[in-house]
Amino acid sequence: MLDFPIYSPIEPVHWFDTSGVRVFMKRDDKIHPFISGNKWRKLKYLLQRALRENKNHLVTFGGAYSNHLLATACAGALFGFKTTGFIRGEETLPINDTLFLCKQFGMQLIYIDRETYKNKQTIFCNYFESNAEAFFINEGGASEEAEIGCAELIDELNEKYDYIVLACGTGSTMAGIVRGCYERNYASNIEGVCVHKGISPVYDCVKKSSQGLKNWHVHEDFHLGGYAKTSADFLNWIYSFQQKTGILLDPIYTGKMMYALHHLIKQNYFPQGSSVLTIHTGGLLGTLGMKNRFEQIVL
Ligand SMILES: *Cc1c(COP(=O)(O)O)cnc(C)c1O
């Protein structure tokens, strides 16, 4: 029923060729234009559970630029679910590209003030308690199912990479990768780049799934001031990377991951000759949401 072929090739990233570190990228952004990257992996087993429980209405949560909301809206349309998204904050007009696309896929949008938004279970109960068809999906899809889905990425690796590098929001994708390596006996070092201030939630999330293993590390020095914060140097770096590689990054997640990688390589964090697999977790609409910021910077 949830038949969805995964197309996520592994490509070399020649931009780093002179550094002595071999860099590759797993193109999860190519899985789907809107259910892209880790968001499909995180949703897959949640949707299967929804089907098993005879639910036909996905209810979830996110900020106005949430890649997860859009992925849920599109996956819902594709697999025959109704969808409702609770949006943090007030409606701002005109509607942004992410929410516009959510609506195109038939998602009902409900705006919730920031205080009330903190308790998602209460919101769900207030609106859907008597609706036996409604299925609760946490913000970002964070769940046990999400980790199991992300762990499957390891099955798609035919070679050994010394390091796996990825961006972390909640950390559940990383937790899934750590767990996938462990369960499949795949030896690698997993390097998470935290994209917001304060790594403890990410750290705790990964630790919980790590079976006591220590082959992972969360980097806390690359958030550039906090979630969705940027700097002129950083945006310029993204510009030049994109223009020399043809790979689009977003300034919220994958941009910070690759910028961190660039710095870690400069600091000789990776031994010469080692191989690094970066994961492009998708989210290219993040770039569109920030087009004004890009246009303000002087090249
Ligand atoms: C949601 C998202 C992430 C963060 O995933 P977590 O599992 O919350 O750590 C990373 N990259 C992109 C592009 C995303 O949309």
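The analysis underlying the following values was restricted to heavy atoms, covering all of them including side chains, and did not include hydrogens, waters or symmetry mates. FYI, the numbering just counts along the sequence from 1. First listed ligand is number 1; within each ligand, the first listed atom is number 1.
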Practice task
Compute whether any side-chain donor of one residue and acceptor of the other, for N38 and T281, lie under 3.5 angstrom apart.
Solution key: no
Exercise for the section: Answer yes if the side chains of Y269 and E191 hold a donor-acceptor pair under 3.5 Å, and no otherwise. Expected result: yes
Give the table of side-chain donor-acceptor pairs shorter than 3.5 Å for residues 68-79, with sequence neighbours excluded, one pair per line with atom names and distance.
| unit_1 | atom_1 | unit_2 | atom_2 | d |
| --- | --- | --- | --- | --- |
| H68 | NE2 | T60 | OG1 | 2.7 |
| T72 | OG1 | H68 | O | 2.8 |

Handout entry: Crowding at NZ, K207 (>12 non-hydrogen neighbours, <6.0 Å)
Key = no
Practice task
May I ask you to test the F24-E11 pair for a side-chain heavy-atom distance under 4.5 Å?
Solution key: no
Exercise for the section: Over 60° means perpendicular and under 30° means parallel, so classify the ring planes of F294 and Y239, tilted if in between. Expected result: perpendicular
I'd like a table of the close N/O pairs between ligand 1 and the protein (anything under 3.5 Å), one pair per line with both atom names and the distance.
| unit_1 | atom_1 | unit_2 | atom_2 | d |
| --- | --- | --- | --- | --- |
| ligand 1 | 5 (O) | N38 | ND2 | 3.0 |
| ligand 1 | 7 (O) | K42 | NZ | 2.7 |
| ligand 1 | 7 (O) | T170 | OG1 | 3.4 |
| ligand 1 | 7 (O) | S172 | OG | 3.4 |
| ligand 1 | 7 (O) | T173 | N | 2.9 |
| ligand 1 | 7 (O) | T173 | OG1 | 2.6 |
| ligand 1 | 8 (O) | K42 | NZ | 3.4 |
| ligand 1 | 8 (O) | T170 | N | 2.8 |
| ligand 1 | 8 (O) | T170 | OG1 | 2.6 |
| ligand 1 | 9 (O) | G169 | N | 2.8 |
| ligand 1 | 9 (O) | T170 | N | 3.2 |
| ligand 1 | 9 (O) | G171 | N | 2.9 |
| ligand 1 | 11 (N) | T281 | OG1 | 2.7 |
| ligand 1 | 15 (O) | K39 | NZ | 2.8 |
| ligand 1 | 15 (O) | N67 | ND2 | 2.7 |

